[in-house]
Participant: 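Quick one: the structure is below, and I'll ask about it shortly.
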Amino acid sequence: MRPVVDGVLETALYVSDLDRSAGFYEEMFGFPVIHSENDRMRALSVAGRQVLLLFRVGGSTEGAESPSGKIPPHDGQGRLHLAFAVAENQLQSWREWLHDKDIAIESEVDCGGRSLYFRDPDGHLLELISPGCWPIY
């Protein structure tokens, strides 16, 4: 019998400036930093249920020693995509918030739910998505 997965707990982005990116996600979304490792990474809490890991590009290619054991090497490059779940009735507030922060909405899509697309400081594509686009949300 296949073991059960409870969900996605961590998602990682690779960024050029950890402090700038952590500041962006904290200011934009209210994600507090819950763990920091020098110039290698920042961990942010997403709604108290998930973790957004920000790694400095090239900062984890050797892996890392931790009190619990060695974290294997990893790295990434290029502009990635993340979608954050939001309620339909919050989309207009998000439009206004993004406008007030001088963040351009790159695209809006109606796929049964609605999506707003914009970029973070490293060019990663961020999406705010309301229920209806996927059969599971």
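What you see is a predicted model; the values in this text were computed from it and never measured. Numbers for residues simply follow the sequence, beginning at 1.
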Participant: So which atom in L44 and which in A22 form the shortest heavy-atom distance, rounded to 0.1 Å?
Facilitator: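 Of all heavy-atom pairs spanning L44 and A22, the closest is CD2-O, 4.0 Å.
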
Participant: Rounded at 0.5 Å granularity, tell me how far CG in L125 sits from CG in L80.
Facilitator: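 L125 CG to L80 CG: 10.0 Å, rounded to 0.5 Å.
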
Participant: For residues V15 and H124, determine if any side-chain heavy atom of one lies less than 4.5 Å from a side-chain heavy atom of the other.
Facilitator: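 Answer yes - side chains close enough.
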
Participant: Looking at every heavy atom in both R40 and G59, which two are closest together, and how far apart are they?
Facilitator: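 Closest approach of R40 to G59: CG-O, 3.3 Å.
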
Participant: Give a yes or no on whether the backbone of S16 and the side-chain of D122 come within a donor-acceptor separation of less than 3.5 Å.
Facilitator: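 Side chain of D122 to backbone of S16: a pair is present.
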
Participant: Nearest heavy-atom pair of V8 and Q50: which atoms, and what distance?
Facilitator: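 Here V8 and Q50 meet closest at O-CG, 3.6 Å.
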
Participant: Are D75 and F55 side-chain neighbours, meaning at least one heavy-atom pair lies under 4.5 Å?
Facilitator: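 Sidechains of F55 and D75: no contact.
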
Participant: Closest heavy-atom contact between S107 and V109?
Facilitator: OG-CG2, 3.9 Å

Participant: Could you give the side-chain donor-acceptor pairs of residues 127-137 under 3.5 Å, partners two or more places apart or in another chain?
Facilitator:
| unit_1 | atom_1 | unit_2 | atom_2 | d |
| --- | --- | --- | --- | --- |
| E127 | OE1 | H81 | NE2 | 2.8 |
| E127 | OE2 | S115 | OG | 2.6 |
| E127 | OE2 | Y117 | OH | 3.2 |
| S130 | OG | E88 | OE1 | 2.8 |
| S130 | OG | R114 | N | 2.8 |
| S130 | OG | R114 | O | 3.4 |
| Y137 | OH | V86 | N | 3.4 |
| Y137 | OH | V86 | O | 3.1 |

Participant: To the nearest 0.5 Å, what is the distance between CZ (R49) and CG (L9)?
Facilitator: 11.5 Å

Participant: Is the count of non-hydrogen atoms from other residues, nucleotides or ligands lying under 6.0 Å from Q77 atom CD greater than 12?
Facilitator: no

Participant: Quick one: does D102's side chain have a donor or acceptor within less than 3.5 Å of a partner on A104's backbone?
Facilitator: no

Participant: Between D120 and L82, is any pair of side-chain heavy atoms under 4.5 Å apart?
Facilitator: no

Participant: Could you grab the distance from atom CD of E26 to atom OG of S45, nearest 0.5 Å is fine?
Facilitator: 10.5 Å

Participant: Which residues pass the ring-ring contact (aromatic ring centres under 6.0 Å, His included) test with F24, not counting sequence neighbours?
Facilitator: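 Partners of F24 under the ring-ring contact (aromatic ring centres under 6.0 Å, His included) test: none.
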
Participant: Between I103 and M28, what is the shortest heavy-atom contact and its length?
Facilitator: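 For I103 versus M28, the nearest heavy atoms are CG1-CE, 3.6 Å.
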
Participant: Counting only heavy atoms from other residues, nucleotides and ligands, does the tally under 6.0 Å from CD of E96 exceed 12?
Facilitator: yes

Participant: Under 3.5 Å, side chain of S60 to main-chain N/O of G63, donor-acceptor pair present?
Facilitator: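 Flag not set: sc S60 to bb G63 has no pair under 3.5 Å.
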
Participant: Please give me the minimum heavy-atom distance between L18 and M41, naming the atom from each residue.
Facilitator: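 Closest approach of L18 to M41: CD1-N, 3.5 Å.
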
Participant: Determine whether S36 and R42 make a side-chain contact, defined as any pair of heavy atoms from C-beta on separated by less than 4.5 Å.
Facilitator: yes

Participant: Indicate if Y25 and V51 have the same hydrophobic cluster label, given that clusters are the connected sets of ILVMFWY residues with side-chain heavy-atom separations under 4.5 angstrom.
Facilitator: no

Participant: Distance from E27 atom CD to W97 atom CH2, nearest 0.5 Å?
Facilitator: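 Answer rounded to 0.5 Å: 6.5 Å.
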
Participant: Going only through I, L, V, M, F, W and Y residues with side-chain contacts under 4.5 Å, is there a path from V33 to L53?
Facilitator: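 They do not share one cluster, since no chain of ILVMFWY contacts under 4.5 Å joins V33 to L53.
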
Participant: Is it true that, when you exclude R79 itself, more than 12 heavy atoms of the residues, nucleotides or ligands shown sit nearer than 6.0 Å to its CZ?
Facilitator: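 No, CZ of R79 has 12 or fewer neighbouring heavy atoms, counting only those of other groups under 6.0 Å.
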
Participant: Quick one, L126 with R119, criterion side-chain contact (heavy atoms from CB on, under 4.5 Å). Give me CA distance, side-chain angles, the key distance, then yes/no.
Facilitator: CA-CA 6 Å; L126 304 180; R119 303 273 174 182; over 6 Å; no

Participant: Does the pair F29 and W94 meet the rule for a ring pair (Phe, Tyr, Trp, His ring centres under 6.0 Å), with working shown?
Facilitator: CA-CA 10 Å; F29 300 104; W94 275 107; 5.5 Å; yes

Participant: Sub-3.5 Å donor-acceptor pair from the side chain of H99 to the main-chain atoms of I105, do we have one?
Facilitator: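 No: the side chain of H99 does not pair with the backbone of I105.
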
